[in-house]
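We name chains A, B, ... by the order of the sequence lines, and we start the count at 1 in each one. Please read these numbers as outputs of a predicted model, since none were measured by experiment.
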Number of protein chains: 2
Amino acid sequence: MPPENDPETGPETGTDSTANPAQGADVYTRLRAAILTLDLLPGERLSERALEGMLGASRTPIREAVLRLETEGLIQRKGRVMRVTSLELAEILEAFEYREHIEAAVAQLACQHATKADITRLQKILDAGRQGADAAAWFEIGSDFHILLAELSRNRFLVRAVTDILTRIERARWIMCSLPSARDEAHDEHSQILRLIELNRPEQAAEALKEHGRGLRDILAESLSQRSRAGLRARGVDIIDRA
Amino acid sequence: MPPENDPETGPETGTDSTANPAQGADVYTRLRAAILTLDLLPGERLSERALEGMLGASRTPIREAVLRLETEGLIQRKGRVMRVTSLELAEILEAFEYREHIEAAVAQLACQHATKADITRLQKILDAGRQGADAAAWFEIGSDFHILLAELSRNRFLVRAVTDILTRIERARWIMCSLPSARDEAHDEHSQILRLIELNRPEQAAEALKEHGRGLRDILAESLSQRSRAGLRARGVDIIDRA
DNA sequence: TACGCCATTATGGTATACCAATCAAGAGAG
DNA sequence: CTCTCTTGATTGGTATACCATAATGGCGTA
């Protein structure tokens, strides 16, 4: 590996002289984080060689990470060029549509399978995240809740589906993370959903989840609307209307 | 690359002396096919070096293919060892449960978006596959129908979900491909589903799809039941009850 | 000035050497 | 005969060299 002189990404690459095992997963994690936090901008071009320097690893683990992120939809290849997937309004709306259906299924199955212990455990997590949490930790908890909820369905495919779709939406959520007012509201809605599942009301739980998702979608659509584009573009973020 | 002498997989590897570009995708396709057709048995251990010889490519494209198949759930890694994912009855049943919900969503959205032209096009494909098709081509058409149907939802995530879940189930379907009687029945059910979408009856279309899936699931569960295990084990196929 | 052609370069695809860790088999002791 | 420790082989992880080609920028021409 060539000597790493530029401070580039941060405190990385301070490894030893030989191969650095298990660094492959780390490369994946860091690259993924860089994309999700918009450290790498949507639409930005990537090259394996550049990432090699940026992440302090050779092309092999880079390639693995890129391949994974490609299947997650965070990176796209068009011929030989490789870019961070652009934010496309239409796709995000499709994602929310999909999510509605998925979480309706989750609600129904969770009602069938969730135990009292499951509910209280989830409620505890919810309450724990209520006080003193920064924006980043806040929607970390939001994601966790939806994934944990999916696990109550006892269906691994639904868990995967929820996990995947949250990944897809995460960058958009990050953009509008400057709205702390929504936090308490989210907590209440999450609790209400949990209660409906506890009461074995699948229809109502599904409806509450759908409504919850729609609320987020609307906030998000507003944040990405024409009127708000200017501020985003100043931060380097560009949203595509039709691809 | 070492000279390839054994007829091993088939007519492959007859390339030139230098690197063989775009062979990476081919390696993926062939390895995937080998797994789905049970040429590589569920639970069978794999090694990158062995695959290197079997597929006539170096470890780099092998690694890429393996990584892809891992995300598709066809290969699993437990620590350092890598195996073809075992057939697990519980997982297959979960897959069908998931599929029911996914296709209900497909039905609903397809009713909203499908045009007359879409319906007739799909019906044509269905009819074309009716006569003279061997078992392999038959459930190729079955898969295609469900994917094309998903595309009528105009939601790329649903398309992906259907594609994924069909992949998961495909090996199980392959096992019970010896039941040609189901072919006409499937054609009729598919046509009926299409008709209900054309008539804009989302509830009934969803129910028909669910019923269609349940029928297949039951046949499949029967094929994988204790009573039928002996014949399968003779072919080298082993099914796990609880993992 | 604008458009298209060509040379250079950058990039991804491939093959391969090296390493550490794991697994397995075999030898030796009890 | 069994259990354990050692040792060697196998394997995945990593780094890197080579190659064909697509991308890019410059140049020449209309």
Side-chain angles (χ1 to χ4, degrees), chain A residues 1-6 8 12-32 40 43-71 74-85, chain B residues 1-5 8-9 12-32 40 43-71 74-85:
Chain A
M1 186 198 319
E4 182 75 9
N5 300 333
D6 51 351
E8 202 66 277
E12 263 47 78
T13 74
T15 66
D16 59 19
S17 59
T18 63
N20 205 335
Q23 211 67 348
D26 186 51
V27 165
Y28 161 75
T29 303
R30 284 189 290 149
L31 183 51
R32 187 173 189 273
L40 291 173
E44 185 167 349
R45 182 164 176 182
L46 302 176
S47 87
E48 294 179 357
R49 254 92 178 193
L51 294 174
E52 202 175 359
M54 179 182 314
L55 297 169
S58 74
R59 285 180 64 200
T60 308
I62 297 283
R63 233 148 178 278
E64 176 182 330
V66 164
L67 210 58
R68 287 208 140 92
L69 293 168
E70 200 184 340
T71 71
L74 294 179
I75 288 179
Q76 281 178 331
R77 310 177 93 113
K78 191 170 49 180
R80 226 104 145 173
V81 298
M82 178 170 73
R83 323 186 146 272
V84 178
T85 300
Chain B
M1 185 198 319
E4 182 75 10
N5 299 333
E8 202 65 278
T9 328
E12 270 37 87
T13 75
T15 66
D16 58 18
S17 58
T18 63
N20 205 334
Q23 212 66 349
D26 186 51
V27 165
Y28 161 76
T29 303
R30 282 190 291 150
L31 182 52
R32 187 172 189 273
L40 291 173
E44 183 167 351
R45 181 163 178 184
L46 301 176
S47 86
E48 295 180 356
R49 254 92 176 190
L51 294 174
E52 201 175 358
M54 179 183 313
L55 296 168
S58 74
R59 284 179 65 202
T60 307
I62 297 282
R63 235 153 175 277
E64 176 183 330
V66 165
L67 211 58
R68 287 209 140 90
L69 293 168
E70 200 184 341
T71 71
L74 294 178
I75 289 180
Q76 280 178 331
R77 310 177 93 112
K78 193 171 48 182
R80 291 276 257 248
V81 299
M82 178 171 73
R83 322 185 147 274
V84 178
T85 300

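In this structure, OG on A:Ser58 lies 11.0 Å from CD on A:Gln23, to the nearest 0.5 angstrom. Here the CG atom belonging to B:Leu46 is positioned 5.0 Å from the CG atom belonging to B:Leu51, to the nearest 0.5 angstrom.
Residue B:Arg63 places at least one side-chain N or O closer than 4.0 Å to OP1 or OP2 of D:dG13. The side chain of A:Arg77 places an N or O atom within less than 4.0 Å of a non-bridging phosphate oxygen (OP1 or OP2) of C:dG13. The side chain of A:Thr60 places no N or O atom within less than 4.0 Å of a non-bridging phosphate oxygen (OP1 or OP2) of D:dA15. Between A:Arg45 and D:dT24 there is a side-chain polar atom (N or O) within less than 4.0 angstrom of OP1 or OP2.
For D:dG12, the base has a donor-acceptor partner in the side chain of B:Arg49 [N/O atoms by modelled type, under 3.5 angstrom].
One interatomic measurement links the two molecules: NZ of B:Lys78 to C1' of C:dC23, which rounds to 14 Å at whole-angstrom precision. The distance from atom CG of A:Leu67 to atom P of D:dG13 is 14 Å, rounded to the nearest whole Å. The CE atom of A:Met82 sits 14 Å away from the C1' atom of D:dA22 (whole-angstrom rounding). A:Arg83 has its CZ atom 14 Å from the C1' atom of C:dT11, to the nearest Å. A straight line from CD of B:Glu52 to P of D:dT11 spans 11 Å, rounded to a whole angstrom. Distance B:Leu51 CG to D:dT10 P: 16 Å, rounded to the nearest Å. Between the CG atom of A:Leu55 and the P atom of D:dG13 there is a distance of 18 Å, rounded to whole Å. Following rounding to the nearest Å, B:Glu70 (CD) and D:dG12 (C1') show an atom-to-atom distance of 12 Å.
Here B:Arg68 pairs with B:Glu64 under the side chain to side chain donor-acceptor pair (under 3.5 Å) rule; sequence neighbours left out. Taking B:Glu48 as the reference, B:Arg59, B:Arg63 meet the side chain to side chain donor-acceptor pair (under 3.5 Å) condition, with sequence neighbours excluded.
The side chain of B:Pro61 sits closest to C:dT14 out of C:dT14, D:dT14, D:dA23. Considering only the side chain of A:Arg80, C:dT11 comes nearest among C:dT11, D:dT14, D:dG12. Side-chain atoms of A:Ser47 lie closest to C:dG12 of the nucleotides D:dA15, C:dG12, C:dA17.
In this structure, B:Glu48 and A:Gly79 both approach DNA chain D, and ranking their closest nucleotides by distance from the 5' end singles out B:Glu48.
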Exercise. Determine, stepwise, if the pair A:Arg77 / A:Met82 fulfils side chain to side chain contact (heavy atoms under 4.5 Å, CB included).
Key: CA-CA 4 Å; A:Arg77 310 177 93 113; A:Met82 178 170 73; 3.9 Å; yes
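Residue A:Leu46 is in sugar-phosphate contact alone, with no base atom involved, counting any heavy-atom pair closer than 4.0 Å across all strands shown.
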